[in-house]
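These notes concern the structure reproduced below.
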Protein chains: 2
Amino acid sequence: MKLTQSTCKICKGSESSLFSCCTPEEIENLNLATNCSFYKKGQPVFQEDSMPVGLYCVSEGLVKVTKLGSNGKEQILRIAKPGDLVGYKSLIMSMRYKASAIAIEDSSICLIPKSQFQELLNSNRAFYDGIMQLLCEEIDSAETKITDIAYKPVRGRIAEALLLLNSSFVDKEQITLTREDLAGLVGTVKETAIRIISEFKNENLIEINKRSIKIINEQGLKKISHLYD
Amino acid sequence: MKLTQSTCKICKGSESSLFSCCTPEEIENLNLATNCSFYKKGQPVFQEDSMPVGLYCVSEGLVKVTKLGSNGKEQILRIAKPGDLVGYKSLIMSMRYKASAIAIEDSSICLIPKSQFQELLNSNRAFYDGIMQLLCEEIDSAETKITDIAYKPVRGRIAEALLLLNSSFVDKEQITLTREDLAGLVGTVKETAIRIISEFKNENLIEINKRSIKIINEQGLKKISHLYD
DNA sequence: CGGCTGATTGAGCTATGTCAAGGGCAGTGG
DNA sequence: CCACTGCCCTTGACATAGCTCAATCAGCCG
């Protein structure tokens, strides 16, 4: 994978990015202060219980945000893709991270220093509002996840996760997560995830090349995912 | 239960309340616009999928915020006690409620009209910051809940829930939730919750008078709750 | 070629859900 | 004051989804 030197303009470009509400000068300031680095697949960006020093913005690659559960299993809370911010909650609360972030692909990730972030928060109301929206969305998805994990069978959760992954990463059309990460995402173990994936394959809902999964019957998966609503 | 006519001063009094960062005039304005009503146990305050008209503030009583899961089981996302706000997320996002709120005790609940809420949000930075803190805390607790439900056995989750309930409702020292609500809180079914509660009773961790639960060995429960971390 | 990482598959086991049948207590109405 | 009714709570018996453990396989890289 080739990694270009990132600038915040790139992220501003992505329509989903929060930086779209920043002025050119603000972006320029960010650029000056911001520190982009490269993370190899598997490398941690930050760790649960450490203190945040700034806000991370994924420029290229993919990052999983995980929390350690009982018996050491890891629950994936969300997966951040280019343009996504990571670690803002702990930064806002000025508390230790309650989760870890780990690159699951070779990634380029920028660090916006805490001071810059706070300045933006203070000076740019739209930015502040945007962060608030992000927080609200995160609550929504967390609450949905709670309800799913509590009552929806693994089969339904995997179907749902595949659909979600597919819709978020439209560009690539292939889901390349490790089976173990997929399991962590829906709160089950590797083996169970694998079994269900092969069921889906046998039912012609998905195709598998090498490790990566391609959805070929979206409707079917949707039906399975909502079977129990 | 006797319900007095509420004023926002009451909520302002509770140190946890967000209104403590409001000026006396702001409080006075709220009082004028705010509309307090009484809800009988079991009565809905608002329903999933309806549009928010304002912010609810629990003055007396207890309210559960629930989401319907697969097969119609209800997951309790949180329980709001006097001084707590309910329904701010959907209000901020201007979206339909993603959860319902139901009184689980006879309650007195005030409705702050949407316009008032937004005005406060716009004019009082401390209030805005406070809401943001609330959102962050909610994410934290939701993410913890996800991880717990995914990997911690019911026994541990019930112990945890009892401890949490106990610490939030210090004044009453007794947990009076229905077994079914307790089950909904930790994502299991009534029968399982009941069985585990009787185990706890047999192990002298809790006492039961009538339906209500009193913790008599906090350390023991903590140990069970963290057995699997 | 050997070693490593991840994917698979099989065989059991167990926690937890489901179904069904009481039991107790509180409020209501005669 | 008693019987009735409607909540909850409780317990037992049983079924099964999903977890654990263990063995094997397949691709990949040095």
Side-chain angles (χ1 to χ4, degrees), chain A residues 40-43 64 69-75 102 104-106 148-159 161 174-202 206-214 224 227-228, chain B residues 1 40-43 64 69-75 102 104-106 148-159 161 174-202 206-213 224 227-228:
Chain A
K40 231 177 150 27
K41 179 177 175 174
Q43 193 179 339
K64 65 178 173 185
S70 317
N71 43 36
K73 278 177 212 146
E74 78 171 16
Q75 171 68 40
I102 300 173
I104 55 178
E105 283 182 3
D106 289 355
D148 280 354
I149 295 189
Y151 298 121
K152 191 185 277 194
V154 178
R155 196 175 145 86
R157 305 211 299 272
I158 299 230
Q174 296 263 326
I175 296 163
T176 54
L177 280 194
T178 271
R179 304 297 135 113
E180 189 144 21
D181 280 342
L182 191 54
L185 194 56
V186 304
T188 184
V189 294
K190 185 181 46 189
E191 294 91 329
T192 302
I194 288 173
R195 283 183 239 271
I196 289 172
I197 290 173
S198 7
E199 285 174 30
F200 287 172
K201 192 179 61 175
N202 293 334
I206 59 175
E207 246 172 20
I208 298 186
N209 321 1
K210 285 212 189 284
R211 280 86 192 276
S212 77
I213 298 170
K214 182 173 178 191
I224 291 173
L227 237 189
Y228 320 88
Chain B
M1 173 180 292
K40 234 179 148 26
K41 179 176 173 174
Q43 193 178 338
K64 64 177 174 185
S70 319
N71 46 33
K73 276 178 213 144
E74 78 171 16
Q75 172 67 40
I102 300 174
I104 55 178
E105 283 182 6
D106 289 355
D148 281 353
I149 295 189
Y151 299 121
K152 190 185 278 193
V154 178
R155 198 175 144 83
R157 306 210 299 270
I158 299 231
Q174 297 263 327
I175 296 164
T176 55
L177 280 193
T178 273
R179 305 296 134 112
E180 189 143 22
D181 280 342
L182 191 53
L185 194 56
V186 304
T188 183
V189 295
K190 185 181 48 190
E191 294 92 329
T192 301
I194 287 172
R195 282 185 241 269
I196 288 172
I197 290 173
S198 10
E199 284 175 29
F200 287 171
K201 191 179 61 176
N202 293 334
I206 59 174
E207 248 173 20
I208 298 187
N209 321 1
K210 283 210 191 286
R211 280 88 193 271
S212 77
I213 298 171
I224 291 173
L227 239 188
Y228 320 88

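Nothing here was measured: the structure is a model prediction, and the numbers come from that model. So that the names make sense, note that chain A is the first sequence line, chain B the second, and so on, each numbered from 1.
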Return the value, rounded to whole Å, for the distance between atom [atom1] of [X] and atom [atom2] of [N].
X	N	atom1	atom2	answer
A:Phe200	C:dA7	CZ	C1'	17 Å
A:Ile149	C:dG17	CD1	C1'	18 Å
A:Ile197	C:dA7	CD1	C1'	10 Å
A:Lys41	C:dC4	NZ	C1'	13 Å
A:Glu105	C:dG6	CD	C1'	16 Å
A:Leu182	C:dG6	CG	C1'	13 Å
A:Lys190	C:dT9	NZ	P	14 Å
B:Ile194	C:dG23	CD1	P	16 Å

inquiry  = Looking at A:Glu191 and A:Arg179, is there a salt bridge between them, counting it only when a charged N and a carboxylate O are closer than 4.0 Å?
reply    = no
query = If you take all heavy atoms of B:Ile197 and B:Leu182, which pair is closest and at what distance?
reply = CD1-CD2, 3.5 Å
remark   = What one should report as the nearest heavy-atom pair of B:Ala159 and B:Ile224 is CB-CG2, 3.9 Å
remark   = In this structure, CD of A:Gln174 is separated from CG of A:Asn209 (nearest 0.5 Å) by 5.0 Å
task = Tell me, please, the opening and closing nucleotides of DNA chain D, 5' to 3', among those with an atom under 4.0 angstrom from a non-hydrogen atom of chain A.
result = D:dG18 to D:dC28
ask   = Which sits closer to the 5' end of DNA chain D, A:Ala193 or A:Arg211, going by the nucleotide each is nearest to?
value = A:Ala193
remark   = The answer to which of A:Thr188 and B:Thr178 contacts DNA chain D further toward the 5' end, by nearest nucleotide, is B:Thr178
inquiry  = Nearest heavy atom decides the nucleotide; on that basis, is A:Ser198 or A:Ala150 closer to the 5' end of DNA chain C?
reply    = A:Ser198
note = Between B:Glu191 and B:Ile196, whichever has its closest DNA chain C nucleotide further toward 5' is B:Ile196
Backbone N/O of [Y] and side chain of [X]: donor-acceptor pair under 3.5 Å:
X	Y	answer
B:Asp106	B:Lys41	yes
B:Arg157	B:Lys152	yes
A:Glu199	A:Ile196	no

request  = Assign B:Lys73 to base, sugar-phosphate, or nothing according to its heavy-atom contacts below 4.0 angstrom with the strands shown.
outcome  = sugar-phosphate
request  = Measure from the side chain of A:Arg195, starting at C-beta and using heavy atoms only, and say which of C:dG17, C:dA11, C:dT8 lies closest.
outcome  = C:dA11
